[in-house]
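Have a look at the structure below, then the notes.
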Amino acid sequence: MKKLLSGVLAGALLVGSAASLAACAPKEKADREAPAYDNAQATLTVDATPTKSEISESLFGLFLEDINYAAYALDDNIVANGSFDLPKSGVTWKLTDNWQVGGGVTLAGESAEAERIIKTNESYASVGAKKNGTLTNLGHAAVPMAIEEGTDYLFSAYVKSPKAFDLTVTLRADGEDAGSVVIPIHEDSGWIKYQRTVKATATAAKDVTLELAFSEDASIKLDCVTLETADSTVGIKNYMYKALANLSPAFFRFPGGCIIEGKSPEAIYDWKNSIGAQKGATADEVPVYNYKLDTNGTVAEKTGYGLYETRAHNTNLWNIQTAGHMKTYYTMDYGIGFYEYFLLCESLGAKAVPIVNSGFDCQIQSQHNALEGRYGNGVDDYIQDALDLIAFAKGDPDSDDAHEAKWATVRKNMGHPAPFEMDYIGFGNEEWDSKYY
């Protein structure tokens, strides 16, 4: 677009010339009152053709912080507190929260090390089952259970029972049966993981519960109860996954935010806990996990790596708030850990931007204290955590570098031999005024 402007520019210049003569022409009027020049002409050409701005294609992306149940909203598992684990600090609540008993059933949280399914899984439930009694999971009030007719839901639970009985697993919508399955529980001295599919016969988004009913009186132990919807992608509920995909994110920043700093050593999002790593004498390992699995009435020996049940929980920073709408009760259970995060980024075509702790707790919610680290070496431990994460994400299992090969092999064992795409890593969150380094 071009425009021809006449008179304005030249007039302004010539008026300026007239002003310089004002001193020797006292009868001249001030510039603002001077008459226009009839013969002033000028041509100004303006080219308003749009030009392309150089904006990075990687600028627009997503940022998740596990605040207000955000991770639970994404996770395809809809059971609340299925592992009967407590936050390690900051709140007073029970191992049995989010559960309700009926028909004389009793429920108590336990943590005896000899009875755990694995040492990183710190708690479980002792259930005094009664014939026709029930144990019901209520879900999270802030993220209520929802089911859709015709959709399959995979129920899973570890049970240890001294006697055989039938366990009836029922989806209930407003108290009505919305799909059920009967699981014969074996008489066994050890833990067995039971898995069955339940097809929903109704659609409901409120007043949905998961009910466990017992055919006989029995004293059992129960742990790691989950109910995962098949309507999911890489472990994310599909309606949430599609919403993320529709944003076409160039990157995905995870997991925070203040949650990466925590308010105490137990309230840090620990990426190693999120893949089932266990602390050794001087280094972390993700060992082979051997367990018994029943999917059809027969018990089989299985092995796994980094499974959900091996992930040690941490306190969720936002769980320990006590004011107004921030009064919440849940752990950081790593249903969505760093492995699931990398899978999600890969599926979305988004660059992973993982965030790790920089050696401090939160400078707003705490005192910006230097943290001790996994092995008591302070910031050196957090540097090592970052190096280990890079090796886990991008390393070659066949590398001559032992460190790289170790963590890349963990990724391979979890099911992803190829490296993930990761070009950036972030440290801490809103850090300032460090008095340590």
Side-chain angles (χ1 to χ4, degrees), residues 63-99 109 111 120-123 137-145 224-226 235-237 240 253-277 308-341 344 354-358 360-367 369 371 374 382 385 428-430:
F63 169 26
L64 172 73
E65 179 162 4
D66 188 8
I67 182 173
N68 292 343
Y69 302 86
Y72 283 102
L74 293 178
D75 195 354
D76 60 1
N77 174 34
I78 61 177
V79 167
N81 192 27
S83 291
F84 305 97
D85 275 318
L86 281 174
K88 295 181 176 65
S89 62
V91 296
T92 54
W93 65 304
K94 302 185 297 298
L95 288 165
T96 55
D97 277 359
N98 306 104
W99 292 89
S111 59
T120 52
N121 186 276
E122 297 182 353
S123 305
N137 189 265
L138 306 175
H140 287 295
V143 189
M145 290 186 181
C224 293
V225 182
T226 64
I236 308 297
K237 298 183 185 80
M240 294 297 296
R253 184 175 185 259
F254 176 90
C258 294
I259 203 168
I260 201 62
E261 300 167 316
K263 194 176 179 180
S264 67
E266 300 83 14
I268 298 166
Y269 191 103
D270 190 322
W271 85 263
K272 290 179 176 177
N273 282 359
S274 85
I275 64 165
Y308 170 71
E309 51 264 39
T310 69
R311 301 175 182 183
H313 292 201
N314 285 73
T315 298
N316 190 304
L317 171 73
W318 299 111
N319 164 79
I320 63 179
Q321 306 302 302
T322 56
H325 71 285
M326 296 303 294
K327 189 172 184 179
T328 53
Y329 302 99
Y330 60 102
T331 66
M332 194 147 50
D333 75 339
Y334 300 117
I336 300 175
F338 258 75
Y339 181 69
E340 291 77 17
Y341 160 62
L344 176 59
I355 309 299
V356 294
N357 189 281
S358 61
F360 297 113
D361 61 13
C362 182
Q363 60 269 49
I364 295 176
Q365 301 192 55
S366 188
Q367 302 297 319
N369 299 308
L371 296 170
R374 287 174 73 85
Y382 293 100
D385 286 345
N429 178 64
E430 300 174 351

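Sequential numbering from 1 along the given sequence is applied to the chain's residues.
Residues His140 and Asn98 form a side-chain contact, since some pair of their non-hydrogen atoms from C-beta on lies under 4.5 Å apart. For the pair Ile78/Tyr72, no side-chain contact is recorded, criterion being any heavy-atom separation below 4.5 Å from C-beta on. Side-chain contact check for Asn429 versus Ile355: every heavy-atom pair is 4.5 Å or farther apart. Counting only heavy atoms from C-beta outward, the side chains of Asp76 and Ile236 never approach each other to under 4.5 Å. Between Ser83 and Glu309, the closest side-chain pair of non-hydrogen atoms is not below 4.5 Å. A 4.5 Å side-chain heavy-atom check between Leu74 and Leu64 finds at least one atom pair inside the cut-off.
Using a distance-only test at 3.5 Å, with no hydrogens or angles considered, a donor-acceptor pair links the side chain of Asn357 to the main chain of Ile260. Here the side chain of Trp318 pairs no donor or acceptor atom with the backbone of Cys258 at under 3.5 angstrom. Using a distance-only test at 3.5 Å, with no hydrogens or angles considered, a donor-acceptor pair links the side chain of Glu65 to the main chain of Ile259. Under a 3.5 Å cut-off, the side chain of Asp361 and the backbone N or O of Asn369 do form a donor-acceptor pair. Counting only distance, with no hydrogens or angles, the side chain of Thr120 and the backbone of Thr310 share a donor-acceptor pair below 3.5 Å.
One finds the CG atom of Asn316 at 9.5 Å from the OH atom of Tyr69 (value rounded to the nearest 0.5 Å). Taken to the nearest 0.5 Å, the OG atom of Ser111 stands 13.5 Å off from the CZ atom of Phe84. Once rounded to the nearest 0.5 Å, the distance linking CG of Leu317 with SG of Cys362 reads 6.5 Å. For the atom pair CG of Asp75 and CD of Glu340, the computed distance is 8.0 Å after rounding to the nearest 0.5 Å. Distance check: Ser123 OG to Asn81 CG gives 9.0 Å after rounding to the nearest 0.5 Å.
Relative to the six-membered ring of Tyr334, Arg311 misses at least one condition, a distance below 6.0 Å or an angle of at most 45° to the axis.
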Step-by-step side chain to side chain contact (heavy atoms under 4.5 Å, CB included) determination, Lys272 to Arg374: CA-CA 10 Å; Lys272 290 179 176 177; Arg374 287 174 73 85; 3.8 Å; yes

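Shown here for Met332 and Thr315, the closest heavy-atom pair between the two residues is CE-O, 3.3 Å. Considering every non-hydrogen atom in both Gly139 and Ala80, the closest pair reads C-CB, 3.5 Å. The two residues Trp271 and Asp385 have their closest heavy-atom pair at NE1-O, 3.1 Å. Of all heavy-atom pairs spanning Ala267 and Lys263, the tightest one is CB-N, 3.8 Å. In this structure, Thr331 and His313 approach most closely via the heavy-atom pair OG1-ND1, 3.0 Å. The two residues Ile336 and Ala71 come nearest to each other via the heavy atoms CD1-O, 3.6 Å.
Using a 3.5 Å distance cut-off with no hydrogens or angles, the side chains of Asp333 and Tyr308 do pair a donor with an acceptor. Side chains of Asn314 and Asn273: a donor-acceptor N/O pair is present below 3.5 angstrom, by distance only.
The ring pair (Phe, Tyr, Trp, His ring centres under 6.0 Å) test applied to Phe254 returns Tyr269, Phe338, Tyr341, not counting sequence neighbours.
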